[in-house]
There are 4 protein chains.
Amino acid sequence: MRTEAGRPGRPGRPRSERAEQAILDATVHAIGDCGVDGVRCEDVAARAGVGKATLYRRWACKEDLLIAAFASLAAPLPQPRGESVREDLIAMAEVLAEGAMDPRYARQFALLHGEGERYPRLLARYKEQVIEPRRELIRSVLRRGVATGELRPDTDVEIAMLALTGAVMARGKGDTTPAAPGFAARVVDALLRGIAAR
Amino acid sequence: MRTEAGRPGRPGRPRSERAEQAILDATVHAIGDCGVDGVRCEDVAARAGVGKATLYRRWACKEDLLIAAFASLAAPLPQPRGESVREDLIAMAEVLAEGAMDPRYARQFALLHGEGERYPRLLARYKEQVIEPRRELIRSVLRRGVATGELRPDTDVEIAMLALTGAVMARGKGDTTPAAPGFAARVVDALLRGIAAR
Amino acid sequence: MRTEAGRPGRPGRPRSERAEQAILDATVHAIGDCGVDGVRCEDVAARAGVGKATLYRRWACKEDLLIAAFASLAAPLPQPRGESVREDLIAMAEVLAEGAMDPRYARQFALLHGEGERYPRLLARYKEQVIEPRRELIRSVLRRGVATGELRPDTDVEIAMLALTGAVMARGKGDTTPAAPGFAARVVDALLRGIAAR
Amino acid sequence: MRTEAGRPGRPGRPRSERAEQAILDATVHAIGDCGVDGVRCEDVAARAGVGKATLYRRWACKEDLLIAAFASLAAPLPQPRGESVREDLIAMAEVLAEGAMDPRYARQFALLHGEGERYPRLLARYKEQVIEPRRELIRSVLRRGVATGELRPDTDVEIAMLALTGAVMARGKGDTTPAAPGFAARVVDALLRGIAAR
DNA sequence: CAATAATCGAGACGGTACGTCGCGTCTTGGG
DNA sequence: CCCAAGACGCGACGTACCGTCTCGATTATTG
């Protein structure tokens, strides 16, 4: 018989999945408490009830640990219901807006915008695995809108996507006040209707 | 003899203006090289040819030094020419887009988005002195557009401002490619016309 | 079928004698290479081609392993031939002198002199099983000399034994040069004749 | 004016002599408490009220620290009074015997005999700075005895020195009982008179 | 012959000390 | 009173070894 995943069972004691998860959880909490690099690996190990070696056996350095911690947060975007482009955009914008206020997710943007050169691989991987999927999902809704005729045929999908996500994420950076109800809808509507007279 | 500012010359050797400027320059370069808190005060002092005490005599901690360094970058926003709302918005968006690509300014956004909890006073001050003036300038142009009838009377100025700045700043975070020419214009136009059919 | 020793065979796989010997050999080599507690159990196990558990199943800790390793070195003292006290003492002194140069045995004295508090049981056992027998053998030769009249009747056996063994072992600690030929004889003769004029 | 030693005063804050001494003291105590390499640098620094960097700024590793700590113990041998070779030898033997019982000095012999390969430079330096001077002092007394006719003209000075020091140091290794009064004298007398009949 | 049980090599586990590095402060001699 | 230089106490970093534990596989005795 094989090990759990059917792979040929390397010799030696297998790595503890409990430890792995405990470390990631402790890291996520620490990020929320102390900020991206206020995290101290010693504390993470201690709070996870784990030796430092167990941590460094899996992730060679702080950066790799942070990559993994963020990856474990993978908040699934809502799947577009597909009835109305407007409604789908609003739903996704709400998720983004909510995430931007959650300190844990707020840290993700910190990564994206701020720690790029300190943790370059973290940035690259985060963009690839988190940012791009979200952007692509929004693009796909926009493209669908063009196809169905809900959106103008000359819509610049990329520009629209940036305006939508940018507006949501730019709001209240550093603010602790939650987004006003209806905020996401107002952004989407402004973008749909345009603001120019006529 | 008086000191530079004409104030009544305290006893003792006056502070060296050379040192002050060298420290700020070194800090700005270090920010560009290593990121907001990849900066190490020891390196800054060494690169400025200055003792650490000379640095800490002026700024009590890293955060204060960073505040001063960013302040010294103060890039003036272009004054709106006032002829066309569209043209004024494009001009300002271009400045924002260019700044977002300059690694030195990019660090400013890092601050805004990422280091808020590590350097709270830096964030607050940066928002107050840099972000808000820019936002207010854009708001004023939008309000003018409503007044002149160039923009719809029911325009949500705040939302429009966020969509504009957000789109420009969200583009290509971490990218090194410069914005395509015409990018700022396309953002402004998308926002003006809206993307909904009809 | 019975196990090797004819005892009533416990259930389960019997312990590998190969492993046991390989561990002891590796330990002795490691002691020679790195010193008494420069030995690292992980290296011993690896060099013996054995898992760490196999080692710790036999010896509960490093100290026990060291005890066993030293015991396996048990170099028998030459039996005194009994013809001449002088010749017997020289023979024994030569063995001591030779042993003092052998790095493996040199480590034994390290134990005696240096690691007593770190490995107290090792020290106690080593003294009991190695040092005392040697000393006692020398004492017995000296006592025989007093009885036969070869040595002065007021000889202080303990003092003479200490002077003899001490001289031999004190020579060239840390030296790599072998004892000059005749060294042991010269020590014994100096002790026999005394150095005072007349 | 110059710094303490008259040397040309390097720039920067001078190293604290207090810290240096506190570290050495803490090390000596730790050696006495825990043994040569039971010493933990972190504890030494803590007990000395000093940061680890301050310790490592002076001594690159544990070994160097131990070298310095032992050097600071430099117990001066009594100067021979020069009246009687026998009395001088006894005086020196008494100092050696006393030192051999002092746990702090006992550690020195541990070094000499046991840790040679783990701390080779420590051993070399210790031999050069502590052992050799002592041996040389004893040799000089012996040579004086030969010259004055107190000792036999064919005395093997080296052998006699080894017998004397070896006997004193071999006694009761690991024992906690103090040397019996008169022990040193008995060793010296045995060596002077010889133990052979006639 | 099957079941049971202790062994094997391998290597992960929780701890703890190591030696390094950066922070913000302090202390020199010399303008 | 300032300057450059650099030592100070502190505390996190990432490494290495201890003695324990957990795998799948092997090798004996026992039912």
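Residue numbering restarts at 1 for every chain, and letters A, B, ... go by the order of the sequence lines. All values reported here derive from a predicted model rather than from experimental measurement.
Nearest approach of B/Trp59 to B/Ala68, heavy atoms of both residues: NE1-CB, 3.4 Å. Heavy atoms only, all atoms of each residue included: B/Cys41 and B/Leu55 are closest at O-CD1, 4.0 Å. Between C/Ser72 and C/Val28, the shortest heavy-atom distance links the atoms OG-CG2, 4.0 Å. The shortest non-hydrogen separation linking C/Arg58 to C/Ser16 is NH2-O, 3.1 Å. Nearest heavy-atom pair across D/Cys61 and D/Tyr56 is CA-CE2, 4.2 Å. Of all non-hydrogen atoms in D/Lys62 and D/Val39, the two that sit nearest each other are NZ-O, 2.8 Å.
Computed from coordinates, the D/Glu17 CD to F/dC8 C1' distance equals 16 Å when rounded to whole Å. To the nearest angstrom, P of F/dA16 lies 16 Å from CG of A/Leu55. What separates CH2 of A/Trp59 from C1' of E/dA12 is a distance of 14 Å, to the nearest Å. Across the protein-nucleic acid pair, B/Glu42 atom CD and E/dT20 atom P stand 16 Å apart, rounded to whole Å. Summarising the geometry, the separation between CG on A/Asp43 and C1' on F/dG11 is reported as 11 Å, rounded to the nearest angstrom. Counting to the nearest Å, the P atom of F/dC13 and the CG atom of A/Asp64 are 14 Å from each other. Going from atom NZ of D/Lys62 over to atom P of E/dT16 covers 16 Å, rounded to whole Å. The distance between atom CG of B/Leu65 and atom P of E/dT25, rounded to the nearest whole Å, is 13 Å.
Atoms CD1 and NZ, on D/Ile23 and D/Lys52 in that order, are 13.0 Å from each other to the nearest 0.5 Å. Between the CG atom in B/Asp25 and the CD atom in B/Gln21 there is a gap of 5.0 Å [rounded to 0.5 Å]. We find the CZ-CG distance between B/Phe70 and B/Leu24 to be 12.0 Å, quoted to the nearest 0.5 Å.
The nearest heavy atom of DNA chain F to B/Arg18 and to A/Val39 marks one nucleotide each, and the one closer to the 5' end goes with B/Arg18. Toward the 5′ end of DNA chain E lies the nearest nucleotide of C/Arg58, the other residue of the pair D/Ala60 and C/Arg58 mapping further downstream.
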Can you tabulate the close N/O pairs, meaning under 3.5 Å, that link protein atoms to atoms of nucleotides 1-6 of chain E?
from	atom 1	to	atom 2	distance (Å)
E/dA6	N3	C/Arg13	N	3.3

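For A/Cys41, counting side-chain heavy atoms from C-beta on, the closest listed nucleotide (E/dC8, F/dC13, F/dC8) is F/dC13. Distances were taken from every side-chain heavy atom of A/Thr54 (C-beta onward) to each of E/dG14, F/dC8, E/dC8; the shortest belongs to E/dG14. Checking F/dC23, E/dC13, E/dT28 against every side-chain atom of D/Pro14, the shortest atom distance belongs to E/dT28.
For C/Tyr56, a side-chain nitrogen or oxygen approaches OP1 or OP2 of F/dG19 to under 4.0 Å.
Contacts of residues 45-52 of chain C with DNA chain F (heavy atom under 4.0 Å): C/Lys52.
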